[in-house]
Amino acid sequence: MSAPIRVFQVATGNVGTEMIKRLQHRPDLTLVGLHCYTAEKIGRDAGEIAGIGPIGVTATGTIDDIIAAAPDVLTFHGVFPDEDLYVRVLEAGINIVTTADWITGWHRDHNHPHPSGRPVSDLLAEACRQGGSTFYGTGMNPGLNQILGVVCSADVAEIENVTTIESVDVSCHHSRDTWIEVGYGLPVDDPSIPGRLEKYTRVFADSVLLMADCFGVELDEVRFSAELGACTKDVDLGWYQLPKGSLGGNYIKYQGMVDGVARIETHLEWQMTPHTDPHWDIKGCYITQIKGDPCVYNKHMIFPKPGVDLSDPDSFASIGMTVTGLPALNAIASVVAAPPGLLTSADVPLRGFAGRFAI
């Protein structure tokens with residue numbers, strides 16, 4: 001067997017904490033460092049931060065520490081990207097796999113301009129050329145969900161529409177910063193909510209563009225629309241409070257249009273609480289719907305390992321964090337082997353989407 005790939009991780013939020021736990025059971029990967037932004041975490045053992053006991057990796061807090069460790073790949077699991085960190089790490093010849101708001105780069109270029117005025121994708125591509133490194137963004141949704149949409153079309157002769165849907169209860173995603181940004185908990189008639197939702201979910205436009213690339217379809221535009229669900233009573237989730245009348249659920253559509261017709265779509269059916277009006281029939285899965293000849297309806301359903309107690313909120317939440325982070329971990333070998341540059345899931349070989357056997 002070849003030597004394990006050396007991994008330096010950034011962030012220990014919900015996804016990052018779960019990935020530290022998962023890395024301990026991966027003979028093909030070894031954690032050699034941890035970058036933290038919180039001063040209280042720097043100097044502590046990564047395993048202790050993740051709640052699993054010492055593992056011999058001490059958290060550090062500077063980019064120089066990352067570069068000095070000379071890892072093969074940096075995994076970035078922060079809520080929001082750190083593009084200046086990306087540039088320096090890529091220039092140093094270190095590959096990056098991230099679950100933070102990046103699928104094709106379109107969204108970051110158009111909605112989050114870099115202070116330099118240059119498109120972020122240009123900055124990262126230049127850094128990749130300079131360092132001979134590769135950059136890849138993925139996740140469950142956007143990410144794997146859209147690849148499932150592409151794969152499900154393999155036996156369709158004539159496609160009219162492809163739609164991928166995330167129909168989930170999001171109360172397991174304990175990221176207050178995320179939900180504050182998108183307007184959950186604000187009065188549902190707050191005029192800022194549609195703009196907040198679009199700004200902070202616009203990466204799902206990337207997912208439509210990714211699928212369009214795979215299908216060879218040139219889109220005229222990607223349209224956003226949202227239906228909002230108001231809480232019918234005060235809701236206390238323990239980690240977040242939703243007053244009566246506040247945003248507690250949504251149905252978002254990103255629709256790729258061709259000549260005024262929606263052809264490629266991603267929908268987000270999110271529920272923080274079932275007590276909303278309107279209320280959606282949350283199915284707890286990822287769905288692909290294809291209209292064509294023939295038609296396809298596919299559910300990607302995720303269940304806990306036998307013996308896991310889902311009445312424990314932490315166990316329930318860990319499933320969501322696992323399926324978000326593992327598409328990144330499982331793609332690492334393919335990213336390290338890929339030519340330098342910006343990689344999308346359209347470029348990753350089939351083996352880059354394969355899970356791992358416990359043998």
Side-chain angles (χ1 to χ4, degrees), residues 3-13 15-16 19 23 28-37 57 59-139 142-143 203 206 209-210 213 324-325 327-349 352:
I5 295 173
R6 293 165 46 82
V7 178
F8 203 115
Q9 180 174 304
V10 174
T12 54
V15 176
M19 291 306 99
L23 278 165
D28 57 329
L29 306 173
T30 183
L31 184 68
V32 298
L34 175 66
H35 178 85
C36 290
Y37 293 99
V57 175
T60 55
T62 72
I63 299 174
D64 289 338
D65 290 324
I66 298 171
I67 295 171
D72 300 304
V73 66
L74 181 99
T75 55
F76 188 97
H77 299 303
V79 176
F80 300 112
D82 185 340
E83 286 146 350
D84 292 332
L85 178 148
Y86 292 167
V87 167
R88 285 198 57 198
V89 169
L90 292 169
E91 287 176 343
I94 300 166
N95 305 292
I96 295 179
V97 174
T98 180
T99 55
D101 212 35
W102 186 282
I103 297 297
T104 68
W106 181 91
H107 155 66
R108 297 302 302 182
D109 286 349
H110 287 78
N111 299 298
H112 298 277
H114 190 266
S116 67
R118 295 180 59 191
V120 175
S121 59
D122 285 355
L123 290 171
L124 299 187
E126 182 179 293
C128 287
R129 286 192 296 271
Q130 180 173 326
S133 51
T134 305
F135 182 87
Y136 175 58
T138 188
V203 70
D206 280 36
L209 293 167
L210 172 67
D213 178 38
T324 298
L329 290 194
N330 288 332
I332 283 175
S334 294
V335 172
V336 170
L342 303 184
L343 205 63
T344 77
S345 292
D347 309 309
V348 174

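Positions are given from 1, in the same order as the sequence printed here. Please read these numbers as outputs of a predicted model, since none were measured by experiment.
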What are the two closest non-hydrogen atoms of [X] and [Y], and how far apart are they?
| X | Y | result |
| --- | --- | --- |
| Val87 | Ala127 | O-CB, 3.7 Å |
| Val97 | Ala328 | CG1-CB, 3.4 Å |
| Ala346 | Asp213 | CB-OD2, 3.7 Å |
| Val336 | Val73 | CG2-CB, 4.3 Å |
| Val120 | His112 | CG2-O, 4.0 Å |
| Ser334 | Gly352 | OG-CA, 3.4 Å |

Test side-chain contact (heavy atoms from CB on, under 4.5 Å) applied to Phe76 and Val89, step by step: CA-CA 11 Å; Phe76 188 97; Val89 169; over 6 Å; no
Measuring from atom [atom1] of [X] to atom [atom2] of [Y], what distance do you get when rounded to the nearest 0.5 angstrom?
| X | Y | atom1 | atom2 | result |
| --- | --- | --- | --- | --- |
| Leu342 | Ile96 | CG | CD1 | 10.5 Å |
| Arg118 | Glu126 | CZ | CD | 4.5 Å |
| Leu343 | Thr104 | CG | OG1 | 12.5 Å |

Among Asp122, Asp101, Asp82, the one residue meeting salt bridge (charged side-chain N to carboxylate O under 4.0 Å, His left out) with Arg108: Asp101
Test side-chain contact (heavy atoms from CB on, under 4.5 Å) applied to Ile94 and Asp72, step by step: CA-CA 6 Å; Ile94 300 166; Asp72 300 304; over 6 Å; no
Look at the rings of His110 and Trp106 and say which category their plane angle falls in: under 30° parallel, 30 to 60° tilted, over 60° perpendicular. parallel
Return yes if some donor-acceptor pair links the side-chain N/O of [X] with the main-chain N/O of [Y] below 3.5 Å, else return no.
| X | Y | result |
| --- | --- | --- |
| Asp206 | His107 | yes |
| Asp347 | Thr344 | yes |
| Thr30 | Arg6 | no |
| Asn95 | Ser133 | no |
| Gln9 | His77 | no |

Please name the residue in the list Thr60, Asp65, Asp64 that meets the side-chain hydrogen bond (donor to acceptor under 3.5 Å, both in side chains) test with Thr62. Asp65
For residues Phe135 and Ser121, determine if any side-chain heavy atom of one lies less than 4.5 Å from a side-chain heavy atom of the other. no
Just by distance, no angles: are the side chains of Thr98 and Tyr86 close enough, under 3.5 Å, to form a donor-acceptor pair? yes
Before giving the answer on side-chain contact (heavy atoms from CB on, under 4.5 Å), spell out for Asp84 and His114 the whole-Å C-alpha distance, their side-chain angles and the decisive distance to 0.1 Å. CA-CA 9 Å; Asp84 292 332; His114 190 266; 2.8 Å; yes
For Ala69, which residues count as a side-chain contact (heavy atoms from CB on, under 4.5 Å) partner, sequence neighbours excluded? Phe8, Pro71
Stepwise side-chain contact (heavy atoms from CB on, under 4.5 Å) check, Leu85 with Leu74: CA-CA 11 Å; Leu85 178 148; Leu74 181 99; 3.7 Å; yes
